[in-house]
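Notes follow the structure.
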2 protein chains.
Amino acid sequence: MKEATIYDIARHLGISAATVSRALNGHPGINAQTAEKVNKAALALGYQSNKFASSLRKQKSNTLGVIVPRLNSYVMSSILSGMERVANESGYNLIISQSLELERKEIENARTMFNSRVDALLISLAFDTETFDHITPFIKKKIPVVFFDRVLDHPSCTSVVIDNFKDGYEGTKHLIEQGCKKILHVTGSLQRNVYKDRLRGFEAAMREYHLDFSDENVIFTSFDNDAPQNVMEKISEMTTPPDGIFFTNDACAAGTCILLKKAGYSIPGDIAIVGFNNDPISKVVEPNLTTIHYPGIEMGEIAVQTIISHLEGNLNVNQGSTVVLRSELVVRDSSRRI
Amino acid sequence: MKEATIYDIARHLGISAATVSRALNGHPGINAQTAEKVNKAALALGYQSNKFASSLRKQKSNTLGVIVPRLNSYVMSSILSGMERVANESGYNLIISQSLELERKEIENARTMFNSRVDALLISLAFDTETFDHITPFIKKKIPVVFFDRVLDHPSCTSVVIDNFKDGYEGTKHLIEQGCKKILHVTGSLQRNVYKDRLRGFEAAMREYHLDFSDENVIFTSFDNDAPQNVMEKISEMTTPPDGIFFTNDACAAGTCILLKKAGYSIPGDIAIVGFNNDPISKVVEPNLTTIHYPGIEMGEIAVQTIISHLEGNLNVNQGSTVVLRSELVVRDSSRRI
DNA sequence: ATGAAAGCGCTAACAA
DNA sequence: TTGTTAGCGCTTTCAT
């Protein structure tokens with residue numbers, strides 16, 4: 001059975017294909033009755049618009065490309081969920097791919113997105129991405145690019161982020177206020193703003209309160225499954241253990257928390273702990289984790305809204321601007337000493 | 001700047017567009033030197049193949065459509081991660097959309113996928129989906145459909161699942177072996193095989209061991225955020241509390257576990273608990289949750305592999321067949337009494 | 001091994 | 001308000 005085309009509808013009704021096309025697309029200046037007839041006929045013939053033809057003609061795919069480090073993390077899947085909801089509502093499709101934290105794969109994915117002619121690109125960078133070259137083709141071709149979460153400062157790209165410096169600062173300040181003197185910061189690649197800025201916030205708070213701050217205070221990890229184990233080893237190598245730890249990831253914080261308790265530390269008594277993300281896991285581990293609430297769903301929604309309003313010409317957000325979402329400290333028992 | 005097309009390359013080299021197209025696609029029977037020249041010129045001109053034109057002509061999009069209930073759940077994001085990896089490796093794009101557990105939205109999404117001319121559809125059903133009508137168009141048009149996780153038995157669709165009956169049976173049997181007599185089963189919509197089969201397994205074990213089984217033993221929930229609270233209320237309304245609970249979802253199990261402890265129950269002493277999925281949360285809640293390991297990533301990989309080999313004509317898997325992945329009971333402290 | 005030519009289905013500029 | 005017409009860029013049949 002051949003697919004019905006607008007020509008079939010046109011022939012069927014004795015009108016032109018152009019009129020059919022216009023009617024189907026709700027063009028203004030088309031006779032209401034004609035429109036009605038066309039829609040009926042379309043239904044009767046089981047007509048389905050051919051996106052390829054339309055995209056080829058319009059040079060527009062109604063598809064947004066999304067590149068994330070991983071699909072299956074709490075924050076990322078929340079962001080994607082928000083993105084999908086808004087995109088779907090606005091009639092856009094989402095092509096999603098993951099870099100698995102590898103620059104190599106991120107570059108490859110970007111190329112695929114480019115070839116797939118996505119109308120816009122939404123991207124959160126891999127751990128080790130250094131180059132910007134894979135983004136340049138989009139900019140050159142004026143395809144809007146929005147960075148979210150793990151961003152890069154570029155004059156022609158919008159970013160959607162939280163205030164990582166503030167959060168790093170506040171989490172640390174909170175620990176200090178609870179009486180911690182020797183605080184550890186467990187974080188990811190400084191290549192990425194999220195970790196770099198949180199560390200800057202950490203340092204700022206430490207210095208403000210005249211506490212020792214040096215490389216010794218920072219542990220780097222890739223947040224894989226062995227991360228808690230590795231953190232424990234580093235701690236046991238220290239002459240005096242810390243009395244506070246600020247993790248930039250709840251899952252790692254929770255895992256380490258369990259190991260610390262097993263090793264005989266009381267939490268928050270001996271070591272107070274702060275995590276990051278407000279992952280559901282933070283409300284399950286005992287004691288419940290003090291953490292920074294990360295507005296993932298919202299971030300996804302805003303990122304897509306921004307890019308769509310850009311695509312549709314409502315330039316209420318300038319290129320190169322940054323949207324900073326509200327994030328905040330949620331105090332729970334893992335750090336409450338007073 | 002205009003995009004370079006195969007015509008530009010053709011003109012540039014004084015050959016025909018047809019030859020360029022063939023060279024670019026690695027057609028057999030093209031002069032090796034010609035091919036080389038073409039590839040060089042393509043690179044030099046910054047040529048990017050136009051997928052719309054190609055898809056329009058070939059009636060094939062190299063895109064797989066995926067519909068899931070939600071993007072942001074542990075199992076689903078794991079499955080999607082596996083799918084993306086394999087699809088990406090094989091040169092396919094993934095268009096992902098979520099039904100948010102609504103049949104209405106699932107139908108809408110299916111239509112979008114259909115119009116987007118996906119080469120195949122991968123779908124896991126919403127809580128309340130009853131109709132099959134939104135799938136029929138794909139079958140009629142011979143677009144392969146693979147169901148995963150929440151499936152539907154249909155002669156022309158492949159399914160990828162775990163043995164939910166077995167898991168329901170084994171989880172229950174385990175509780176019985178630990179001495180439980182009055183066991184509750186907390187589960188989702190019986191519309192869906194995953195819950196229906198687990199319940200059947202539950203019932204089978206209960207009957208096998210001559211324990212009371214009736215509607216009283218089953219609590220239904222949509223597994224939203226209030227689920228643990230609701231379960232607690234149901235329990236407190238009971239004249240005698242249960243001594244074992246089998247949840248078909250770890251997050252809900254963990255949440256309820258916390259509430260139970262707060263209410264003074266000892267776990268597993270008073271109430272033994274088994275969850276489902278082997279969500280990371282199961283290793284954090286105290287006591288650690290006995291659960292059923294769900295091979296999410298693997299399921300995603302297999303589902304996409306199956307569909308791609310189907311698309312490429314390697315029909316090593318028959319239509320209508322079912323792939324059952326290995327899942328298994330993981331015993332931890334939440335149920336260990338002996 | 002290569003070329004000529006037709007057409008996939010749609011949209012938009014222009015004309016009426 | 002509607003129709004005519006010319007492509008969008010690619011693949012493929014048929015011919016050479």
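Computed from a prediction, not measured in an experiment: that's the story for all the values here. Chain naming here is simple, since letters A, B, ... match the order of the sequence lines and numbering starts at 1 in each.
By the 30° and 60° cut-offs, the orientation of the rings of B:F132 relative to B:H154 is parallel.
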Chi angles and distances behind the side-chain contact (heavy atoms from CB on, under 4.5 Å) call for A:D8, A:Y47: CA-CA 9 Å; A:D8 298 321; A:Y47 169 79; over 6 Å; no

Check against side-chain contact (heavy atoms from CB on, under 4.5 Å), A:V38 and A:I15: CA-CA 10 Å; A:V38 169; A:I15 60 179; 3.9 Å; yes

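Between A:R117 and A:I15, it is A:I15 whose nearest contact on DNA chain D lies nearer the 5' terminus.
A:I6 has its CD1 atom 10 Å from the P atom of C:dG9, to the nearest Å. A straight line from CD of A:Q59 to P of C:dC10 spans 17 Å, rounded to a whole angstrom. For the pair A:Q48 CD and C:dC10 C1', the computed distance is 15 Å after rounding to whole Å. Put simply, CG on A:L56 is 9 Å from C1' on D:dG7, counting in whole angstrom units. Here C:dG9 presents its C1' atom at 16 Å from CZ of A:R22, a figure rounded to the nearest Å. As a whole-Å value, the separation of B:N50 CG from C:dC8 P is 18 Å. Between A:K58 atom NZ and D:dG9 atom P the separation is 16 Å, expressed in whole Å. Residue B:Y7 contributes atom OH, which lies 11 Å from atom C1' of D:dC8 at whole-angstrom precision.
Salt bridge annotation for A:R192-A:E101: absent, with no cationic side-chain nitrogen under 4.0 angstrom from a carboxylate oxygen. A:K141 has a carboxylate O that lies under 4.0 Å from a charged side-chain N of B:E3, or vice versa, which qualifies the two as a salt bridge.
Across all strands shown, B:S49 has heavy atoms under 4.0 Å from sugar-phosphate atoms exclusively, and none from any base. At the heavy-atom level, B:F52 lies nowhere under 4.0 Å from the strands shown. Residue contacts shown for B:T5 are limited to sugar-phosphate atoms, with no base heavy atom under 4.0 Å away.
A heavy atom closer than 4.0 Å to some atom of DNA chain D occurs in A:G29, A:I30, A:N31, A:T34, these being the qualifying members of residues 24-37 of chain A.
Around NZ of A:K60, the count of heavy atoms belonging to other residues, nucleotides or ligands within 6.0 Å exceeds 12.
Checked against C:dG9, C:dA4, C:dT2, the side chain of B:A18 finds its nearest nucleotide in C:dA4.
Side-chain N/O atoms of B:T19 include one lying less than 4.0 angstrom from OP1 or OP2 on C:dG3. For the pair A:Y47 and C:dC10, the criterion of a side-chain N or O lying under 4.0 Å from OP1 or OP2 is met. The shortest distance between the side-chain N/O atoms of B:S16 and the OP1/OP2 oxygens of C:dG3 is below 4.0 Å.
Across every non-hydrogen atom of A:L122 and A:F148, the tightest pair is C-CE2, 3.6 Å.
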